[in-house]
Amino acid sequence: MKMTKTVVLGALAGVGLLAGAAGAATLDDVKQRGTLNCGVVTGLPGFGAPNANGEWEGFDVSMCRAVAAAVLGDPTAVQFVPTTGKTRFTALASGEIDMLARNTTWTFSRDTDLKFDFIGVNYYDGQGFLVPKALGVTSAKDLDGATVCIQTGTTTELNLADFFRKNNISYEPVPVETQAEGQQQYLAGACDTYTTDASGLAATRATFENPGDHVILPEIISKEPLAPLVRHGDNDWADIVRWTLNALIAAEEMGITSANVTELAASAGDNPEMNRLLGNEGNLGEMIGLSNDWAVKAIGAGGNYGEIFEKTIGENTPIGLARGLNAQWTDGGLLYSPPFR
C-alpha cells in the first residue's frame, strides 16, 4: 500500500553534548539541599505526568520517589524537572538534575560517548506503530511512502530509518518536539501513524476519546531497554540509585509489599537475604552511605516493582499493559535483582 499522508514518529535526533559537567558528590548535594532533583518526561500518562492536583505520578515518577525515600526518608522530597528528548541529557550532564527517570533507552553511545551510567533496566520495551483503524493498514510494511513526524532526541528516528531501509520502503520525516505535539498532530489527521515505544503508544491511545478507533500494528522493530540514568564519575551515587531499583525488584520476588514492609522489618525472619535487605542483618545501608532501613523506606514509598507497575500502567489501568518481559524471572520474564549479600 502506497501511503501519501504523514506518519508521526517519536524519534532520536543526535544531541551533541559535553559530558560530566557536574561534580561527583551527588549524595552530599542531595542531602544538603533536602530534595532530589529528578528529570522526568514532559507528560506521558502512566509513566510521568501531573495529576488533577498538580502532583507528579506514574511508573517512572515512582522511581524518583523511591530514591528520595531511601536517601532523605521522604518520598515527597522531589523536585520534578520535565525534560524533552533534546533537553534531558543536557540537564543531567550539567548537574541541573541528579538523575533521569523517564522513558530513555540504554544504548552504547549514551553510555560511553555521552558519559552516563544506566543503573538497570526498569522496563523492557520495543518500538511500534499506531494507526487509525479506518486507514486499513495491518502491517508496518504497508507504510511505503508515508511521512513521519519525529519526536527529536530519541532512538526512534534511527530505528525507523533502519526499518524502512531494511524493507526497501520510503518515508519522509516531520520533527515534533514533545509527546503532546506528536499526539496533537496525529489526532489532527496530519499523520498516518505515530511511532514510538510500544508502551508510549499504549499510554497515548488511552487518552483518546475513542481509543478503539486506533490500533497498534503487530511489528516491534527494535529493542528499547528503558532505564534510569546518572552521570559518569560518581559511582557512590550510581550505587544508591541502582540498588534502590534492585530493592524494588527483589521485594516483589520476596513478597515484600508496601502493606507489610514495616511489619517484616520489625523483627528478623527466617529468610537471610530478606533480613539483609530490610536491615535486620548486616550493614548494607552503611556500605552505600545510607541508614540501614533505606530499602524499607524505598519500598514503603510506593510499593515493590509489581505494585508500582500494576497501579500505574498495568492491565487494570487505562494504559492496560501486561507484564510480558517485565515479569519476574520466576514468571517467565526478564526481571531479577542481583543478590543482596
Colleague: Closer than 3.5 angstrom, by distance alone: can the side chain of Tyr124 be matched with the main-chain N or O of Leu335 as a donor-acceptor pair?
Modeller: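 It does not hold such a pair.
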Colleague: In terms of side-chain heavy atoms, does His214 have a donor or acceptor partner in Tyr186 at a distance below 3.5 Å?
Modeller: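 Yes, Tyr186 and His214 have a side-chain donor paired with an acceptor closer than 3.5 Å.
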Colleague: Does the distance from a Lys or Arg side-chain N to an Asp or Glu carboxylate O, for Glu219 and Lys141, drop under 4.0 Å?
Modeller: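 No, Glu219 and Lys141 are not salt-bridged.
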Colleague: Is it the case that atom CZ in Arg165 sees more than 12 heavy atoms from other parts of the structure closer than 6.0 Å?
Modeller: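 For Arg165, atom CZ is not crowded (no more than 12 foreign heavy atoms under 6.0 Å).
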Colleague: Quick check on Asn51: does its CG atom have over 12 non-hydrogen neighbours (other residues, nucleotides or ligands) under 6.0 Å away?
Modeller: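 Enclosed: over 12 neighbouring heavy atoms sit under 6.0 Å from CG of Asn51.
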Colleague: Are any side-chain N or O atoms of Arg205 and backbone N or O atoms of Ala202, one a donor and one an acceptor, separated by less than 3.5 Å?
Modeller: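 Pair absent, no side-chain N/O of Arg205 close to backbone of Ala202.
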Colleague: What closest approach, in Å, do Gly255 and Asn260 show between heavy atoms, and which atom pair accounts for it?
Modeller: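 Minimum heavy-atom contact is O-ND2, 3.1 Å.
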Colleague: Decide whether Thr330 and Gln328 meet the rule of one side-chain donor and one side-chain acceptor closer than 3.5 Å.
Modeller: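 Short answer, no.
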Colleague: Assign the ring pair Tyr123 / Phe59 to parallel, tilted or perpendicular, where the plane angle (0 to 90°) is split at 30° and 60°.
Modeller: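 Ring orientation, 0 to 90° scale: perpendicular.
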Colleague: Can you see whether Thr84 engages Thr87 through a side-chain donor-acceptor pair at a distance of less than 3.5 angstrom?
Modeller: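 The criterion, which ignores hydrogens and geometry beyond distance, is satisfied for Thr87 and Thr84.
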Colleague: About how many Å separate CZ of Phe309 and CG of Asn326, when rounded to the nearest 0.5 Å?
Modeller: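 These two atoms lie 5.5 Å from each other.
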Colleague: Give a yes or no on whether the backbone of Thr76 and the side-chain of Asp74 come within a donor-acceptor separation of less than 3.5 Å.
Modeller: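 Yes: the side chain of Asp74 pairs with the backbone of Thr76.
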Colleague: Can you see whether Gln79 engages Thr35 through a side-chain donor-acceptor pair at a distance of less than 3.5 angstrom?
Modeller: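 No, because no side-chain N or O of Gln79 sits under 3.5 Å from a partner of the opposite role on Thr35.
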Colleague: Under a 3.5 Å cutoff, is there a donor and acceptor pairing between the side chains of Arg88 and Thr104?
Modeller: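 Yes - a donor-acceptor pair under 3.5 Å links their side chains.
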Colleague: Do the side chain of Lys223 and the main chain of Gly126 share a donor and acceptor less than 3.5 angstrom apart?
Modeller: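 Checking the backbone N and O of Gly126 against the side chain of Lys223, no donor-acceptor pair under 3.5 Å is found.
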Colleague: Which pairs pass ring pair (Phe, Tyr, Trp, His ring centres under 6.0 Å) with one or both residues in residues 255-293, sequence neighbours excluded?
Modeller: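 Those involving residues 255-293 do not exist here.
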Colleague: Surrounding CG of Asn283 (heavy atoms of other residues, nucleotides or ligands, distance under 6.0 Å), is the total greater than 12?
Modeller: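 More than 12 heavy atoms, drawn from other residues, nucleotides or ligands, come within 6.0 Å of this atom.
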Colleague: Please give me the minimum heavy-atom distance between Phe47 and Leu321, naming the atom from each residue.
Modeller: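 Phe47 and Leu321 have their closest heavy atoms at CZ-CD1, 4.2 Å.
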Colleague: For Met63, is there any backbone N or O sitting under 3.5 Å from a side-chain donor or acceptor partner on Asn122?
Modeller: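 Not a single qualifying donor-acceptor pair exists.
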Colleague: Taking the basic N atoms (NZ, or NE/NH1/NH2) and the acidic carboxylate oxygens, is any pair closer than 4.0 Å for Asp239 and Arg242?
Modeller: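 The answer is yes: the pair qualifies as a salt bridge.
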Colleague: Decide whether Ser170 and Asp144 meet the rule of one side-chain donor and one side-chain acceptor closer than 3.5 Å.
Modeller: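 Their side chains do contain a donor-acceptor pair, which is all the 3.5 Å distance test asks for.
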Colleague: Can you tell whether the side chains of Asp162 and Lys166 come within less than 4.0 Å, N to carboxylate O?
Modeller: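 Judged by the 4.0 Å cut-off on N to carboxylate O distance, Asp162 and Lys166 do not form a salt bridge.
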Colleague: Distance check, rounded to the nearest 0.5 Å: Asp117 atom CG versus Arg231 atom CZ?
Modeller: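 The CG atom of Asp117 sits 10.5 Å away from the CZ atom of Arg231.
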Colleague: To the nearest 0.5 Å, tell me how far Glu307 CD sits from Thr312 OG1.
Modeller: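 So the CD of Glu307 and the OG1 of Thr312 are separated by 11.0 Å.
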Colleague: Is the number of heavy atoms from other residues, nucleotides or ligands under 6.0 Å of Lys311 NZ greater than 12?
Modeller: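 More than 12 within 6.0 Å, yes.
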Colleague: Please check if any side-chain donor atom of Thr42 sits under 3.5 Å from a side-chain acceptor atom of Gln179, or the reverse.
Modeller: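 Looking only at side-chain atoms, Gln179 and Thr42 do not form any donor-acceptor pair under 3.5 Å.
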Colleague: Let me confirm one number: the OG1-CG distance from Thr26 to Asp98, rounded to the nearest 0.5 Å.
Modeller: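 That separation rounds to 6.0 Å.
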Colleague: How would you list all residue pairs meeting ring pair (Phe, Tyr, Trp, His ring centres under 6.0 Å) that involve residues 141-163, not counting sequence neighbours?
Modeller: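 Qualifying pairs, neighbours excluded: Phe129-Phe163.
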Colleague: So, Asn159 versus Gln127: side-chain donor-acceptor pair below 3.5 Å or not?
Modeller: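 The criterion, which ignores hydrogens and geometry beyond distance, is satisfied for Gln127 and Asn159.
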Colleague: Apply side-chain hydrogen bond (donor to acceptor under 3.5 Å, both in side chains) to residues Glu253 and Asn304 and explain how you reach the verdict.
Modeller: CA-CA 9 Å; Glu253 181 180 348; Asn304 63 40; over 6 Å; no
Colleague: Okay, side chain of His232, backbone of Leu114: is any donor-acceptor separation there less than 3.5 Å?
Modeller: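 No; zero donor-acceptor contacts below 3.5 Å.
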Colleague: Can you say whether the rings of Trp243 and Phe340 are parallel (under 30°), tilted (30 to 60°) or perpendicular (over 60°)?
Modeller: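 Perpendicular.
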Colleague: Any chance you could pull the hydrophobic cluster mates of Phe108, using side-chain heavy atoms under 4.5 angstrom and chaining through other members?
Modeller: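 Phe108 clusters with nothing; isolated.
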Colleague: If you count the non-hydrogen atoms of other residues, nucleotides and ligands that lie under 6.0 Å from CG in Asp270, is the total more than 12?
Modeller: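 Count not over threshold, so no.
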Colleague: Check Leu201 against Gly128 and note the closest heavy-atom contact, atom names and distance.
Modeller: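 Nearest pair, atom of Leu201 first, then Gly128: CD1-C, 3.3 Å.
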